[in-house]
Structure formats: C-alpha cells, structure tokens
Amino acid sequence: EVLKGQGSGFIIDSKGIILTNAHVVDRADKVTVTLNDSRQFMGEVKGTDEVTDLAVVEVETKGEILPVAALGNSDAVQVGDWAIAVGNPLGFNNTVTLGIISTLKRPSSAVGIPDKRLDFIQTDAAINPGNSGGPLLNEIGEVIGINTAIRADATGIGFAIPINKAKEIKDVLARGEQVPHPFIGIQMISLTPEIAKQNNTDPNSVLILPEVNGVLVTKVLSGTAAEKAGIRRGDVILEIENQPIISAEQLQRKVEAGGVGKKLQFNILRNGREKQLFVVSGQMIS
C-alpha cells in the first residue's frame, strides 16, 4: 500500500536543510521537495522529534543555490504583532495569509494534544491542512514560527511552534540523533482549592483532596524516576527546587528546563504532611 501526503517546509541552510513538522513526514520513505520556482529535489528525512512535532529533511542540491529563510527571534514576538503564514494549504501552492499574533505560550495540553511538549504561538492568520510545516513570518519576513494545522475544528485560529524551539534542536535532528527529553513518569492535573472543594463535597469521591494550589499526581508509571523517588498517586506537588508549582504545564516546563539526569527537589503534600523527595529525571523515548 502506498500512502501519499503533502505539507510545507522551509529551507534554513543552502546546503539543503529543510525544517518541517514531524507529522508531515511521518513514516515517509521518500520526500519530494518542490520549490516556488517549480524546481524539484529528492529529499531524505534526517531526523524527527514527535514530542515537539519537528523534523529535518535534507535534499541533494546538485550544486544549485537554494533560497534560505531568515530566522527571527520568537521570544521578541508580542501579542498584536503582524503574522504572515506561508504554505501549501489544501494543495493550493504558494498561499500567503495575513493576521496578527493572538496569544503567546498557549500550552499543548490546552490545545488538545497532551502528548506534545510545546507552548504554541496562536494567530488568526489562516492555517489549514497542507500549511503544516510552513513558516509563520513577522512583518520583516523573518521566520518566527512553524505553522501546525493540529485542530481540524479550528476556524480563525492557527497555531505555530516558536522558531526558538526549533533552533534548539534542529542541529541534533540534522545529525540524525534523538532529541533528549527529560521524563519523570507521572500523570497529573492542576489542583486549586476550588477544584479540591468540589471533589470533597462529592459523596462518590474516592479520596479527599487538600484545598491548596499545586499539582495532583493521578498515576505513577512503573519503572520511572517518579516511582524510584517514592512519589505516589494522590500526592500533591507544591514546589520544585523551592519554586511554587501551581499547574501541570508549569511542572512540565520546569522538568524540561532541568534536562535529562537532573536531580530535582520536590516538596509534596501527602496525608496532610509535607515531605521532601529527590527525583532524578530520566529520558523519554519517543
């Protein structure tokens, strides 16, 4: 069975290095790259990272000069800035749509893809299937994000992966190496006094929750760093490295920033008592 798909991408190195979404090249044996001027090149997927939905494709340039997209700084982007999406939506080549930056740091869990670890740029520039992997540009034509058509039901809402996230891992992907992602091995939800109160007044609740801000551990995965450290289901994580933790997204960012093999001090609440545990993060295999 032959499966065909299409998407967008952009050249970041004249040697033939192209950035796109991992889902655009998912299970691809061959990649054909067609430029705006109709030139075609055969490409090879050098590396993919499912966790950030990023991939690098390399094409054989045959000595030809390829146009390179200038990369901007997504940390400098502000709500209200112009946003220009370029791509191949629904098979319509060279489509350009204009909008503004609507929101910064929209967590992937809020977008409906909890298996990813991303904070998206949200824009009202039209992003449709086929746009995925194409660039989101600022008003001076610099790439500030990688468009991702992840919500089929999204009308007037588009999401892009910040280019600074791609800058962090593009060289690792181009070398064909796996991107290391720290992993402690818990399932969790954000806890507030209001959520706890609502739970505690329900006569069918299986456990009484402390009415605090923190992160409730709903499951500890077997053989993981969390299990080795002694974290248990029902624990509420209050602090990591003495910094208050008030949401699951914040906890994930803190673990990600620490890196693989980092020893982190967790302050937790268990049965009304605070405890200190030390968790050494492992590596997620994507």
Side-chain angles (χ1 to χ4, degrees), residues 22-23 48-54 105-120 150 159 161-162 165 168-169 172 178-200 202 204-286:
H23 76 259
T48 61
D49 182 45
E50 304 298 331
V51 178
T52 55
D53 195 22
L54 290 169
K105 296 195 171 176
R106 178 77 74 194
S108 49
S109 54
V111 172
I113 47 169
D115 59 323
K116 304 286 182 239
R117 288 196 189 179
L118 284 168
D119 288 330
F120 290 101
I150 45 170
F159 298 98
I161 301 162
K165 173 54 74 175
E168 288 172 20
I169 66 171
V172 177
Q178 189 175 40
V179 178
H181 290 287
F183 175 70
I184 61 168
I186 60 170
Q187 291 175 4
M188 58 190 168
I189 58 168
S190 304
L191 184 67
T192 64
E194 294 75 26
I195 291 170
K197 208 168 201 172
Q198 196 175 0
N199 171 83
N200 297 344
D202 182 348
N204 294 311
S205 292
V206 290
L207 74 163
I208 300 298
L209 298 176
E211 294 178 13
V212 296
N213 288 303
V215 171
L216 175 67
V217 178
T218 57
K219 187 176 183 180
V220 178
L221 304 180
S222 178
T224 60
E227 184 185 51
K228 288 171 191 159
I231 292 177
R232 304 182 69 87
R233 179 173 180 258
D235 286 350
V236 177
I237 298 163
L238 301 174
E239 295 179 335
I240 298 178
E241 296 290 288
N242 296 314
Q243 180 189 348
I245 298 294
I246 59 168
S247 72
E249 291 81 22
Q250 188 193 6
L251 186 148
Q252 193 164 283
R253 286 187 199 121
K254 189 79 176 166
V255 171
E256 186 83 21
V260 175
K262 171 80 171 175
K263 186 179 185 181
L264 297 169
Q265 178 186 310
F266 278 56
N267 291 352
I268 67 160
L269 193 59
R270 179 185 296 167
N271 300 328
R273 291 185 180 181
E274 286 199 35
K275 281 176 69 86
Q276 242 181 40
L277 297 172
F278 291 91
V279 183
V280 180
S281 57
Q283 182 168 336
M284 177 186 288
I285 306 299
S286 69

Between [X] (side chain only) and [Y] (backbone N and O only), is there a donor and an acceptor less than 3.5 Å apart?
X: S247; Y: S190; answer: no
X: S205; Y: N199; answer: yes
X: R233; Y: T218; answer: yes
X: Q250; Y: P244; answer: yes
X: D235; Y: R232; answer: yes
X: E241; Y: L264; answer: no
X: Q252; Y: A248; answer: no

Do [X] and [Y] make a side-chain contact, defined as non-hydrogen atoms from C-beta onward lying under 4.5 Å apart?
X: V217; Y: V236; value: no
X: L221; Y: E227; value: no
X: P182; Y: E256; value: yes
X: L251; Y: I184; value: yes
X: Q265; Y: N242; value: yes

Nearest non-hydrogen partners of [X] and [Y], listed with the distance:
X: G230; Y: R270; value: O-NH2, 2.8 Å
X: G282; Y: A225; value: N-CB, 4.1 Å
X: A196; Y: P210; value: CB-O, 3.4 Å
X: I161; Y: F120; value: CG1-CE2, 3.8 Å

Would you give the length of the straight line joining atom [atom1] of [X] to atom [atom2] of [Y], rounded to the nearest 0.5 angstrom?
X: T48; Y: D53; atom1: OG1; atom2: CG; value: 9.5 Å
X: E239; Y: F266; atom1: CD; atom2: CZ; value: 12.0 Å
X: I186; Y: T224; atom1: CD1; atom2: OG1; value: 9.0 Å
X: I169; Y: D49; atom1: CD1; atom2: CG; value: 4.5 Å
X: I268; Y: I231; atom1: CD1; atom2: CD1; value: 6.5 Å
X: Q178; Y: E50; atom1: CD; atom2: CD; value: 10.5 Å

Run the side-chain contact (heavy atoms from CB on, under 4.5 Å) test on L238 and V212 for me, step by step, so that the C-alpha distance in whole Å, both residues' side-chain angles and the decisive distance to 0.1 Å come before the verdict.
CA-CA 9 Å; L238 301 174; V212 296; 4.1 Å; yes
Any carboxylate oxygen within less than 4.0 angstrom of a Lys/Arg side-chain nitrogen, looking at K165 and D119?
no
Do T192 and N213 have a side chain donor and acceptor closer than 3.5 Å?
no
Polar side chain donor-acceptor pair, Q283 to H181, under 3.5 angstrom
no
With sequence neighbours left out, what residues match I208 under side chain to side chain contact (heavy atoms under 4.5 Å, CB included)?
N200
Within a radius of less than 6.0 Å around [atom1] of [X], do more than 12 heavy atoms belonging to other residues, nucleotides or ligands occur?
X: L277; atom1: CG; answer: yes
X: Q198; atom1: CD; answer: no
X: N271; atom1: CG; answer: no

